[in-house]
Structure formats: structure tokens, C-alpha cells
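What follows is a short report on a single structure.
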Number of protein chains: 2
Amino acid sequence: MNKAIQIDSIDRKIIEALQVNGRLSSQELAERVGSSAASCWRRVRALEEAGVLQETVRLVDPVLLGRGLDVFCQIRLKSQGRSQRAVFETFIDAQQDVVECYSISGDWDYLLHVVAKDVADYERVLMHGILDHDAIASSSSIFVLRRVKHKTAIPVHDL
Amino acid sequence: MNKAIQIDSIDRKIIEALQVNGRLSSQELAERVGSSAASCWRRVRALEEAGVLQETVRLVDPVLLGRGLDVFCQIRLKSQGRSQRAVFETFIDAQQDVVECYSISGDWDYLLHVVAKDVADYERVLMHGILDHDAIASSSSIFVLRRVKHKTAIPVHDL
DNA sequence: TCTGAAACCTCTTCCAT
DNA sequence: ATGGAAGAGGTTTCAGA
């Protein structure tokens, strides 16, 4: 991990390919990027050690798993002190229904992405889970009507 | 795809495990869920065919790839008509820097998740990319100061 | 539904370039 | 640093019980 690395155009293609299909073998990568399997294998290992390539995960269909409601929830804390924030973040980390949490600029302190079963379930998560926390002053929920685009791959065309 | 499926507690464990590590073999899955490799392999295939298990993707470190700035951008369209929305969504789908787009309830029509290099890059993406689009009436940007939590796995403990 | 075994693929190293 | 070759080891897939 965390050894500096120089990324060339072949690395770029490897990263691009693995972000879309994390199961490609060195052989398959080699064919796509125009190199050899051994070379690709070495590059992938180097990119892993540098921390560029992280976990391989399986994506799932939330609707089929009964988690059809996405909500973004903005949170304001009573105080923005370091300890207050640390306690809140530890608390959020333990909340299974909160899949993402960002510290943000502007009127609110945090933006949460909550994955709920339905509105009733969200009410439960929010009122009897999140908002029960002492540190929270107020919140505002943005309900997702539809996922228009949902990618995990970040662009690397301009390295 | 899309054949209805009954998910039992072993399927649940398989989904849980693959959401965290998408490279687990049938053998490894079998050990974790207390079943046989062949059985796990059949279950995984059934879950894939049902559409529950989707792609396997490799996650990357955005900072090491020069994409250290996340911004959430709320968009209001000039009109919410069907064709206006369709045109906008097609446009957004083509924008590499927009990794997520949600149609939302409330004061705004869409919530975009943009991954930019830095503030100057975001200004370019927003002003000379997104806001150039005719359909947009106004926008408001929420800058991410820090990723506190960022999971791709959704909870399945309560199926 | 499981076990076992065959066929297949992949990882990993070594070596010559 | 690269590509080719090759053995060890793991994975998929299909019989047969």
C-alpha cells in the first residue's frame, strides 16, 4: 500500500477495464490492453500495492432485495466541535441503513445516503435510529424518485 | 434474468459475502455459509439469473487517480415535461464526470454526484458542461469536505 | 442434493530478451 | 521492464450415487 506509482496508458486501460468488470483474468486483461498476461499481472499487483486498486465487490439489485427507497438526508449538528463530530461519525458508521456519509460545506454538516425498504421503514430509521442521536440539531430529507444513473467507476481518461 | 426467486438464509449469507468480496470462489463461499461448493455455485447462478446479483466491479481510490473532489449538484429544469426530462437524462448519461444521477422530490428536480479533480475542474464541468444544457433553469452545489462512509453493500440482514 | 473427479483456467515464477 | 513457457494449485462442471 501507498507506494507512489507512475500510471501509464496501459495501467489506465487496466483500471478502466477492472472498474467495469472486476473478474477479468490477467489473460483477458492482456488481450484488451494489448500486452501479456504476466505483464498485466505485475501491473495489477503494483496498482494494488499502491492502493489505487481496492476491493472487488459484487453489486446487487436493491429493489429485488426489498430496499427500493433511496433517501439523501442532510444533518445539522448542535455543535461542530471535534468530539461531537467524532461521536456522530462513529454512530453513523454503525448504522447499516446508511450506506454513505459525507461531511459537507454549506447550510448542513453532513449528507447521508440511506437505503430503506419504503417510506414507513425510512421513518423508523430516521426517527428511531438517526434522529435519536443527541448531537443532531435538525435534518432534511430528499427522497429519490428514480435512479437515473448509478456508476461506481470514476473517469480515468485524463490521467 | 428476472425469474422470481425465493431467498433463504443461505442465499442471504452468500449475497452478504459477495457484496464485500466479489472474488470469493464457490469453495470459499461454501465454507462461510456452511454448504457445499456445488450448492453455492448453483445458488449464485440462480441469483444472477434472477437479477439479484449484478456486476462484479473493482473499486479504486479517487484521490490517487486525481479525482479528489466530490460534489453533489442539485438541478432544477425549466420545465418538468417528459421530453425535457428525457433529453436531460440522456445528456447526463454521457457526462463522464457525473457518476450518479437521481430524480428527486422537493425543491429540485435532480441530484447529481460529480467526481472532479479540484474546484477549478468542477467549475469547468459545471459551467462548460452541465449548465450549458438548455433544459436547466438553476443549480446548487454541495461540496464534499470528506468521505466519512462509502459502502456499496446494502443491508440484507432482514430478508 | 451431494460427492468426486475430470477438464479447464489462473496464478505465479523463472528466464531470455 | 516485457513476453513466453510451465508447473502448481484452484475452479467449474458434470456424472453417478
Side-chain angles (χ1 to χ4, degrees), chain A residues 1-61 64-65 152-154 156-159, chain B residues 1-61 63-66 152-153 156-157 159:
Chain A
M1 271 282 242
N2 287 339
K3 193 201 281 181
I5 194 174
Q6 180 60 35
I7 295 170
D8 65 15
S9 83
I10 293 183
D11 288 330
R12 204 171 50 65
K13 286 182 197 163
I14 289 174
I15 294 164
E16 235 163 18
L18 288 177
Q19 280 196 103
V20 174
N21 182 351
R23 300 186 81 159
L24 291 172
S25 66
S26 302
Q27 189 79 259
E28 289 168 310
L29 276 176
E31 285 156 20
R32 295 190 189 210
V33 308
S35 178
S36 71
S39 173
C40 282
W41 183 83
R42 279 190 296 263
R43 284 170 181 272
V44 167
R45 198 161 55 74
L47 288 166
E48 284 167 348
E49 276 164 14
V52 173
L53 291 176
Q54 303 181 327
E55 324 93 271
T56 301
V57 302
R58 192 84 193 227
L59 303 181
V60 301
D61 184 327
L64 292 179
L65 290 171
T152 52
I154 68 165
V156 291
H157 58 80
D158 49 8
L159 289 179
Chain B
M1 272 279 244
N2 287 338
K3 194 202 282 182
I5 194 174
Q6 180 59 33
I7 294 170
D8 65 14
S9 83
I10 293 183
D11 288 330
R12 203 171 52 64
K13 286 182 197 164
I14 289 175
I15 295 164
E16 235 164 17
L18 288 178
Q19 281 196 103
V20 173
N21 183 352
R23 299 185 81 161
L24 291 171
S25 65
S26 302
Q27 189 83 256
E28 289 168 308
L29 277 176
E31 286 157 19
R32 297 191 187 209
V33 308
S35 178
S36 71
S39 170
C40 282
W41 185 82
R42 279 190 299 267
R43 283 169 181 272
V44 167
R45 197 160 56 73
L47 289 166
E48 285 167 348
E49 275 163 15
V52 172
L53 290 176
Q54 303 181 327
E55 324 94 272
T56 301
V57 301
R58 191 84 193 227
L59 302 181
V60 301
D61 184 327
V63 174
L64 292 178
L65 290 171
T152 52
V156 292
H157 57 81
L159 289 178

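Here is how names work: the chains are called A, B, and so on, in the same order as the sequence lines, proteins then strands, and each is numbered from 1.
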B:Arg43: what forms a salt bridge (charged side-chain N to carboxylate O under 4.0 Å, His left out) with it, not counting sequence neighbours?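 Result, salt bridge (charged side-chain N to carboxylate O under 4.0 Å, His left out) vs B:Arg43: B:Asp8, B:Asp11.
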Sequence neighbours excluded, the answer for salt bridge (charged side-chain N to carboxylate O under 4.0 Å, His left out) partners of B:Arg45 is B:Glu49
If the condition is side-chain hydrogen bond (donor to acceptor under 3.5 Å, both in side chains), which residues does [X] pass it with, not counting sequence neighbours?
X: B:Ser36; value: none
X: A:Asp158; value: B:Arg67, B:Lys117
X: B:Ser26; value: none

Here the distance between atom P of C:dC14 and atom CH2 of A:Trp41, to the nearest Å, is 11 Å
First and last nt of DNA chain D near chain B, cut-off under 4.0 Å to heavy atoms, 5' to 3', are D:dT11 to D:dT13
Using residues 12-23 of chain A as the side-chain source, report each donor-acceptor pair under 3.5 Å to any protein atom, sequence neighbours left out, with the distance given to one decimal.
| residue | atom | partner | partner atom | Å |
| --- | --- | --- | --- | --- |
| A:Gln19 | OE1 | A:Ile154 | N | 2.8 |
| A:Gln19 | NE2 | A:Ile154 | O | 2.9 |
| A:Asn21 | OD1 | A:Arg23 | N | 2.9 |

* To do: Please report how far the helix from C:dT1-D:dA17 to C:dT17-D:dA1 bends, comparing the axis fitted to its first five pairs with the axis fitted to its last five, to the nearest 10 degrees.
  =>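 Between the axes fitted at each end of the helix from C:dT1-D:dA17 to C:dT17-D:dA1 lies an angle of 10°.
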Hits for side chain to side chain contact (heavy atoms under 4.5 Å, CB included) against A:Glu31, two or more places apart or cross-chain, chain-then-number order -> A:Gln27
*asked:* Test of understanding: with side chain to side chain contact (heavy atoms under 4.5 Å, CB included), list the residues that count as partners of A:Thr152, not counting sequence neighbours.
replied: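 Per chain and number, A:Thr152 pairs via side chain to side chain contact (heavy atoms under 4.5 Å, CB included) with A:Leu59, B:Val57, B:Leu59, B:Thr152.
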So the salt bridge (Lys or Arg N to Asp or Glu O under 4.0 Å) pairs with at least one residue in residues 50-59 of chain B (sequence neighbours excluded) are A:Glu48-B:Arg58
Sugar-phosphate, base or nothing in reach of B:Arg43, heavy atoms under 4.0 Å: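 No contact.
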Residues A:Leu64 and B:Ala50: closest non-hydrogen pair is CD1-O, 3.3 Å
- Message: Quick check on contacts: within residues 21-31 of chain B, what sits under 4.0 Å from DNA chain C by heavy-atom distance?
- Response: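 Contacts with DNA chain C under 4.0 Å: B:Arg23.
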